[in-house]
Amino acid sequence: MTKVEGLGRSALPLSMDVRDRGSVDDAMREVERVYGGLDVLVANAGILGLMQPPEELDEENYKNVFAVNVDGVLHATRAAYPLLKKSGCGKIVITSSVAGLTGYGPQLAYCASKGAVIPLAKSLALAWAKDGINVNVVLPGAVNTPFTTRILDDPHKLSYILNRIPLGRLAEPEDIVGPILFLSSHAADYCTGSLLVVDGGGTSRAMAQ
Ligand SMILES: NC(=O)c1ccc[n+]([C@@H]2O[C@H](COP(=O)([O-])OP(=O)(O)OC[C@H]3O[C@@H](n4cnc5c(N)ncnc54)[C@H](O)[C@@H]3O)[C@@H](O)[C@H]2O)c1
């Protein structure tokens, strides 16, 4: 039983590789067969890739990060489009990152890919406004998930990051849930092409502080 089913709600676990348009299309067909439609798509799959200085960048790794983090978003949003359009009030939330607003040499591929989905989202927002579909972006800071294990395991990196977060702690996954729920709901009907930073204030610091 999934966690969602444990709450007495219906869930349909489907596996797909977002790099492969065909596998995303198949999953979306299954959603349509079982539920008859779709109201919300959260394009959340993402990978960090290897940590490497740009001068030693592994191009295969770079392409793979883009295949998941950018192509994957494109595949999912395009596959969901007909169903979201049919819904009449479809919502798309794309998970970028504050890394997409800044840069970090060893995470060049990740930062560039998370930046790329911002104009991608804005382009979809403009194109699909006529279909009643809102497309918005959530940009988490550092979240306590398996994704950040490499940081959490290194006490120096962890304390460096914590010192830069005004709220003084990493985000827990639940901290990102509320903003995604908001952007998925009618409360956000007038938001499209919007960016919602959820980083405990980390990117708000002035250089002088
Ligand atoms: N954890 C953080 O600090 C942080 C910060 C900012 C943004 N993000 C973003 O949040 C999103 C979720 O990350 P997370 O922290 O929960 O990490 P996570 O590693 O726990 O989850 C990533 C998910 O993406 C899925 N995935 C990876 N490659 C895939 C593929 N090819 N096809 C289908 N699914 C695939 C994985 O199965 C996993 O469920 C990612 O887009 C990540 O870039 C995370």
Side-chain angles (χ1 to χ4, degrees), residues 2-4 11-28 30-31 40-51 60-80 92-104 106-118 120-121 135-154 157-165 167-181 183-184 195-204:
T2 63
K3 274 190 188 173
V4 173
L12 177 66
L14 296 168
S15 50
M16 71 194 90
D17 182 343
V18 295
R19 295 171 297 184
D20 171 9
R21 171 78 200 258
S23 96
V24 181
D25 284 346
D26 288 348
M28 216 50 79
E30 192 58 8
V31 168
V40 177
L41 172 80
V42 181
N44 185 60
I47 57 169
L48 185 59
L50 299 173
M51 302 272 280
E60 282 311 307
N61 173 66
Y62 178 89
K63 285 179 191 160
N64 193 43
V65 170
F66 267 73
V68 177
N69 295 359
V70 185
D71 301 2
V73 170
L74 187 65
H75 294 155
T77 50
R78 293 187 66 206
I92 295 176
V93 184
I94 295 171
T95 309
S96 172
S97 166
V98 292
L101 298 175
T102 54
Y104 179 43
Q107 290 176 6
L108 181 154
Y110 182 71
C111 295
S113 69
K114 289 297 179 180
V117 296
I118 295 172
L120 189 158
V135 187
N136 293 297
V137 185
V138 68
L139 297 93
V143 188
N144 186 10
T145 71
F147 199 88
T148 42
T149 305
R150 285 184 234 178
I151 298 165
L152 300 177
D153 283 353
D154 180 338
K157 269 194 195 163
L158 181 59
S159 99
Y160 174 79
I161 287 180
L162 290 177
N163 282 333
R164 291 168 60 104
I165 302 174
L167 291 185
R169 63 173 178 85
L170 297 178
E172 293 300 324
E174 293 70 24
D175 291 310
I176 315 302
V177 170
I180 290 179
L181 275 179
L183 292 173
S184 304
L195 309 184
L196 182 43
V197 172
V198 191
D199 70 344
T203 51
S204 298

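Only a predicted model underlies this, so the values are computations on that prediction, with no experimental measurement involved. In listed order, ligands and their atoms are each counted from 1. What you see below is based on every heavy atom in this structure, not just the backbone, and it leaves out hydrogens, waters and symmetry mates.
The pair D175-R169 meets the salt-bridge criterion, with a side-chain N (NZ, NE, NH1 or NH2) lying under 4.0 Å from an Asp/Glu carboxylate O.
Legend: residues meeting salt bridge (charged side-chain N to carboxylate O under 4.0 Å, His left out) with E30, ordered by chain and number and at least two apart, are R33.
The distance between the ring centers of Y110 and F66 does not fall below 6.0 angstrom.
Listed as neighbours of ligand 1 are M16, D17, V18, R19, N44, A45, G46, I47, V68, T95, S96, S97, Y110, K114, P140, G141, A142, V143, T145, P146, F147, T148, each bearing a heavy atom under 4.0 Å from the ligand.
Taking CD of E174 as the reference point, atom CG of N144 lies at 9.5 Å (rounded to 0.5 Å). In this structure, the separation between CG on L50 and CD1 on I47 is 8.5 Å, given to the nearest 0.5 Å.
D199 and T203 are linked by a side-chain donor-acceptor pair at a separation below 3.5 angstrom, with hydrogens and angles left out of the test.
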